[in-house]
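Taking it in order: structure first as structure tokens, then the write-up.
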Amino acid sequence: MNLPDGLLSVGDGLHLWAPQYAGTWGFANCLLVVSGGQAALVDTPYDRVMTEALIAAARPVLPGGAGAVRTIVNTHVNGDHTFGNGCFPGAEIIATKASAEHLCREPSPQQMHFLTHGTPADQPLGWYAREHFGRYSYEGVEAVPPTVTFSGRYELRVGDVEAELIEVGPAHSAGDLVVHLPAQGVVVAGDVLFAGDHPVHWDGPIARVAAACETILGLEAEVVIPGHGGVMSREDVQCYVTYLLELEALIRARHAAGVPADEAAADILAGGFHEELGLPERVVILTAVEYRHLDGETGEADLVGLAARAADWAFRHREPGRRRRGRGGGGGGRRPGPSG
Ligand SMILES: [Zn+2]
């Protein structure tokens with residue numbers, strides 16, 4: 001892994017850890033807020049190795065190291081934004097109440113370890129898990145839940161920096177929040193927004209994600225930090241909303257015509273839908289989630305089950321030249337996607 005050895009300044013007291021890998025899963029952006037001798041971190045990396053790399057990269061602005069971070073904000077509860085929580089012992093961890101209530105459906109570090117080591121490597125899910133999650137070390141990771149929860153809005157002060165946490169879920173997940181830093185003109189969007197790859201949204205429907213984006217646009221920030229990928233402008237966010245609405249229309253037309261979900265997704269992808277973006281198989285998940293809503297299904301989303309359906313598509317569309325029983329691994333040759 002080629003992780004950043006420094007943080008990017010995105011505003012007074014705001015330091016972004018941006019691994020910026022496109023074409024794969026798990027490299028989430030984290031924002032460190034440092035002011036007046038206090039520090040807070042918005043989202044934590046996927047494993048201990050990455051979290052330690054973040055702490056090392058932060059040393060110039062965080063001389064006290066991990067111990068100086070007294071507050072963590074989790075934009076949502078997916079592991080790639082929360083599994084590093086345990087590296088900041090004693091820190092208060094803030095998330096929405098809805099996030100805390102849906103923790104149980106998140107794959108645990110132990111389940112992720114099993115998926116990447118215990119499943120058959122020549123079957124779609126096992127192959128896909130190794131390809132995209134095999135680089136992380138889930139052993140010894142303890143999922144640390146939030147200690148402070150809220151619904152609606154929550155004011156947070158870090159030294160002289162004022163932040164407002166705004167609940168926008170359910171959208172990407174059951175309990176998404178975005179962080180607005182009004183004086184700096186910055187919004188941290190979590191996984192409501194992706195840059196460079198097709199997004200994944202577990203909860204939906206797509207209209208809820210688009211509405212969350214409209215909330216972000218309404219904050220009139222100049223700098224918008226997506227959950228994954230490069231920093232976005234307001235225009236990028238607008239393009240993303242257009243993407244969502246295009247996809248929603250394509251899915252709804254196929255649903256109305258009685259096409260089964262996975263067939264609908266395969267058809268949309270065969271039509272070349274946003275070919276410039278990485279991880280096309282995520283459209284299988286987006287379609288399945290949209291169908292659930294259209295069919296009026298309630299109950300908890302099955303994240304691993306949804307990922308397995310995407311893995312089936314990806315397995316059938318592996319790059320030619322790869323051996324059928326080949327070892328998953330490098331992910332070489334994937335193009336870096338453009339922003340927005
Ligand atoms: Zn994520």
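Both counts, for ligands and for their atoms, begin at 1 and track the order of listing.
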Checklist entry - Quick check, are the ring centers of His228 and Tyr21 under 6.0 angstrom apart? => result no

Next on the checklist: Centroid separation under 6.0 Å, is that true for the rings of Tyr138 and Phe133?
Outcome noted: no

Checklist outcome for this item: Here the N/O/S atom of His81 closest to the Zn ion (ligand 1) would be NE2

Checklist entry - Above 12 or not: heavy atoms from other molecules or residues under 6.0 Å from CG of Asp5? => result no

Checklist entry - Any N/O/S atom of His228 sitting less than 2.8 Å from the Zn ion (ligand 1), backbone or side chain? => result yes

Item to check | NZ or CZ of Arg135 within 45° of Trp25 ring axis and under 6.0 Å | outcome: no

Checklist outcome for this item: Note: OD2(Asp191)-the Zn ion (ligand 1)-OD2(Asp80) angle, rounded to 10 degrees, equals 150°

